[in-house]
Structures are given as C-alpha cells and as structure tokens.
Amino acid sequence: MNRYEGRRALITGGGSGIGQATVLRVLAEGGAVVAADISERGLRDTVEKAGAHADRLTTRVLDVADEASVRDGVAAAVTALGGLDVLVNAAGILRSSHTHETSLEAFNRVLQVNLAGTFLVIREAVPALLAGRDAAVVNFSSTSATFAHPYMAAYAASKGGIQSMTHALAAEYAKRGIRFTAVQPGSISSGMTDGSGASGQSMGPGLPEDADMSLFAKLSPALGQGFAGPETVASVVAMLGSADGRFITGTEIRVDGGTHF
Ligand SMILES: NC(=O)c1ccc[n+]([C@@H]2O[C@H](COP(=O)([O-])OP(=O)(O)OC[C@H]3O[C@@H](n4cnc5c(N)ncnc54)[C@H](O)[C@@H]3O)[C@@H](O)[C@H]2O)c1
C-alpha cells in the first residue's frame with residue numbers, strides 16, 4: 001500500500017511505542033514524516049528503525065507541554081515538509097496514584113502534556129493543515145476515557161478531554177477540509193506499559209503498591225495471548241489519516257483487542 005505517497009505528516013510521540021510505529025508505517029506507505037518527541041534518544045532509535053526510509057524522515061526534539069517549543073517545532077516541521085497534510089498527536093504520559101495522595105502539580109502535569117499539549121500542537125498546525133491536501137488529525141484518547149480505570153483520574157480526565165475536543169474540532173473544521181478523529185488504544189505494549197506488556201497482567205508501571213487489582217474489571221484482551229504490539233494501533237491511525245478514512249470525522253475507534261466489550 002502506498003496511501004501516503006505525496007503526503008506530509010507530523011507525528012508527536014514519534015520516539016517510542018505507538019507514535020514510533022506510526023512513523024514507520026507512514027514511511028513504509030510512502031509518506032514524508034517529521035517525528036517529534038521530547039526524547040532525543042527515542043528519536044535516534046526511530047531513525048535507526050526507519051532504515052532505508054530514513055531519507056523521508058526528519059526528527060525534532062519538542063516538548064508538547066511547552067508553548068514556545070511547540071510553536072518553533074511545528075513551524076520547523078512545516079518548513080521541512082513544505083506543508084502539512086496529516087497530524088498525529090501520540091505524545092502522552094501516564095501517571096498512577098491514589099487520588100487523595102495526588103498533588104495538584106502532578107495532576108496538572110498530566111493535563112498539561114496530554115490535553116493542553118494536544119491543543120497546542122493542533123493550534124499551531126491548523127494554518128498549515130488548512131492549506132494541506134485531504135487534511136486529517138488523529139488524536140490519542142484511551143479506553144480509560146470511557147471505561148473506569150482506577151488510580152488514573154488525571155490520565156482518564158485528560159483522555160476524556162481529548163475525545164471531547166476531537167468532536168468539537170471536527171465540527172469546527174469539517175467544512176474547511178480538516179478531519180479530526182481519535183483512537184482509543186488499550187492493552188498495547190509500549191514504553192508506557194513496559195513491564196506489563198508481555199504478560200498483560202498490569203495496567204502499566206507505577207500503580208500504587210497496594211492497588212486493588214479486582215477493581216480492574218478486565219485486564220486481558222479477548223483476542224490474542226496478551227498485550228498487542230504498537231503496530232496494531234499504527235495501522236488504524238494510518239487508515240484514519242489516509243484517503244481510506246475520508247468519510248470519518250468526529251469519532252473514535254477503540255483498539256484494545258476486546259479488553260472492554
Ligand atoms: N499503550 C497503551 O496501552 C495505551 C493505551 C491508551 C492510550 N495510549 C496512548 O497512546 C499514546 C502513545 O503512548 P505509548 O503507549 O506508545 O507510550 P510511549 O511511552 O511508548 O510513547 C509516548 C511518547 O511520548 C513522548 N512524550 C512524553 N511526554 C512528551 C512531551 N511533553 N513532549 C513530547 N513528547 C513526549 C515520550 O517520550 C514517548 O516517546 C499516548 O498518548 C498514550 O496515552 C496508550
């Protein structure tokens with residue numbers, strides 16, 4: 001498939017996990033990509049994995065939670081690509097704790113990176129997307145936005161916010177040619193879920209030591225043998241950002257192997 005030939009994509013969180021898998025998928029389908037991430041090491045790993053496709057890959061160290069960094073980074077990406085057709089907002093963090101022991105600073109940090117970060121990148125990218133071809137934005141919600149995940153109140157709130165924001169943006173820009181969709185991953189092995197991916201027995205690192213695991217109604221996907229690889233979400237993101245998704249906007253697709261029916 002060469003759905004991305006002639007398409008220009010900016011992908012945040014491109015240094016690890018699902019964002020990195022999306023970078024590799026879009027490159028494999030012929031696209032030109034700027035991978036942005038706060039982790040320089042992660043971006044180096046992405047370049048290495050891109051192999052022969054690395055000539056269509058540019059990297060940019062960028063902090064989605066920092067307004068100046070996003071402004072400079074998105075402008076540099078648009079210049080490097082000569083425009084912008086696709087934006088994928090995969091950058092995100094997960095922090096778990098008992099809510100009554102969570103500081104305002106910790107709560108705000110999750111909202112700042114996941115929710116405000118998604119807003120900032122979109123705000124800076126929209127002018128270029130309005131001039132792009134068949135423009136599409138794919139945001140990252142989570143199963144936690146619609147199914148209860150204890151000890152993750154800030155994370156769930158940030159992802160619920162992203163989902164609602166995606167709907168609002170879809171309405172605002174539909175007639176101006178930009179589609180906005182979201183994916184809701186769950187049970188995907190990645191940097192975020194490291195240490196749990198292989199067994200599928202944990203919801204990620206950092207759960208309180210005395211976490212009551214019985215509160216997680218279901219832990220394992222019905223499909224397969226445990227957590228799936230990040231490429232299982234990247235393929236859906238690639239579809240949403242391509243012409244195959246041309247009649248999809250203002251909605252989300254859950255990719256969790258049936259962990260939550
Ligand atoms: N893995 C899952 O099961 C799962 C489930 C639901 C949602 N998600 C979402 O998928 C997206 C990708 O996560 P992943 O699972 O691949 O985890 P990951 O940790 O492997 O990747 C996240 C990437 O975001 C980057 N990042 C973090 N803070 C940043 C910042 N301030 N600025 C720029 N980059 C930053 C990290 O460096 C990392 O490369 C996230 O939005 C996450 O919330 C993942």
Side-chain angles (χ1 to χ4, degrees), residues 10-25 34-46 49 59-70 72-74 77 88-96 108-121 124 138-147 149 152 154-163 166 182-198 200 202-206 216 219-221 224 226-234 236-237 252-257 259-260:
L10 168 60
I11 300 173
T12 72
S16 176
I18 304 168
Q20 182 184 70
T22 305
V23 171
L24 300 178
R25 176 71 188 235
V34 170
D37 203 289
I38 200 168
S39 166
E40 198 172 354
R41 190 166 56 88
L43 290 173
R44 275 200 301 274
D45 183 55
T46 305
K49 288 181 173 144
T59 60
R60 174 81 190 190
V61 175
L62 173 157
D63 178 358
V64 297
D66 181 288
E67 192 169 20
S69 175
V70 172
D72 294 349
V74 172
V88 176
N89 286 302
I93 56 171
L94 168 65
R95 300 283 181 269
S96 309
N108 280 341
R109 179 66 190 160
V110 173
L111 271 288
Q112 179 74 16
V113 173
N114 294 357
L115 182 56
T118 298
F119 155 71
L120 283 173
V121 179
E124 295 304 310
V138 184
N139 292 328
F140 273 64
S141 178
S142 157
T143 50
S144 65
T146 42
F147 299 91
H149 289 197
M152 300 178 196
Y155 182 77
S158 74
K159 294 300 185 177
I162 288 169
Q163 217 166 282
T166 302
V183 285
Q184 287 185 296
S187 305
I188 304 298
S189 52
S190 70
M192 191 172 280
T193 55
D194 247 0
S196 61
S202 163
M203 297 300 289
F216 293 94
L219 287 179
S220 301
F227 279 28
E231 71 285 353
T232 54
V233 182
V236 177
V237 174
E252 46 280 333
I253 297 182
R254 177 158 51 88
V255 189
D256 72 343
T259 303
H260 306 82

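For ligands, and for the atoms within them, numbers begin at 1 and follow the listed sequence.
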Q. Taking side chain as C-beta onward, heavy atoms only, is Pro185 less than 4.5 Å from Phe140?
A. yes
Q: Kindly write out the residues that satisfy ring-ring contact (aromatic ring centres under 6.0 Å, His included) with Phe119, not counting sequence neighbours, or none if the list is empty.
A: none
Q) Would you call Gln163 and Thr146 a side-chain contact if the rule is heavy atoms closer than 4.5 Å? A) yes
Q.
Checking the side chain of Asn114 only, and the main-chain atoms of Ile93 only, is there a donor and an acceptor separated by less than 3.5 Å?
A. yes
Q) Can you name the residues that come within less than 4.0 Å of ligand 1, going by heavy atoms only? A) Gly13, Gly15, Ser16, Gly17, Ile18, Asp37, Ile38, Ser39, Leu62, Asp63, Val64, Ala90, Ala91, Gly92, Ile93, Val113, Phe140, Ser141, Ser142, Tyr155, Lys159, Pro185, Gly186, Ser187, Ile188, Ser190, Gly191, Met192, Thr193
Q: Give a yes or no on whether the backbone of Gln184 and the side-chain of Ser141 come within a donor-acceptor separation of less than 3.5 Å.
A: no
Q) Run the side-chain hydrogen bond (donor to acceptor under 3.5 Å, both in side chains) check on Asn139 and Thr118 step by step: do they pass? A) CA-CA 8 Å; Asn139 292 328; Thr118 298; 5.3 Å; no
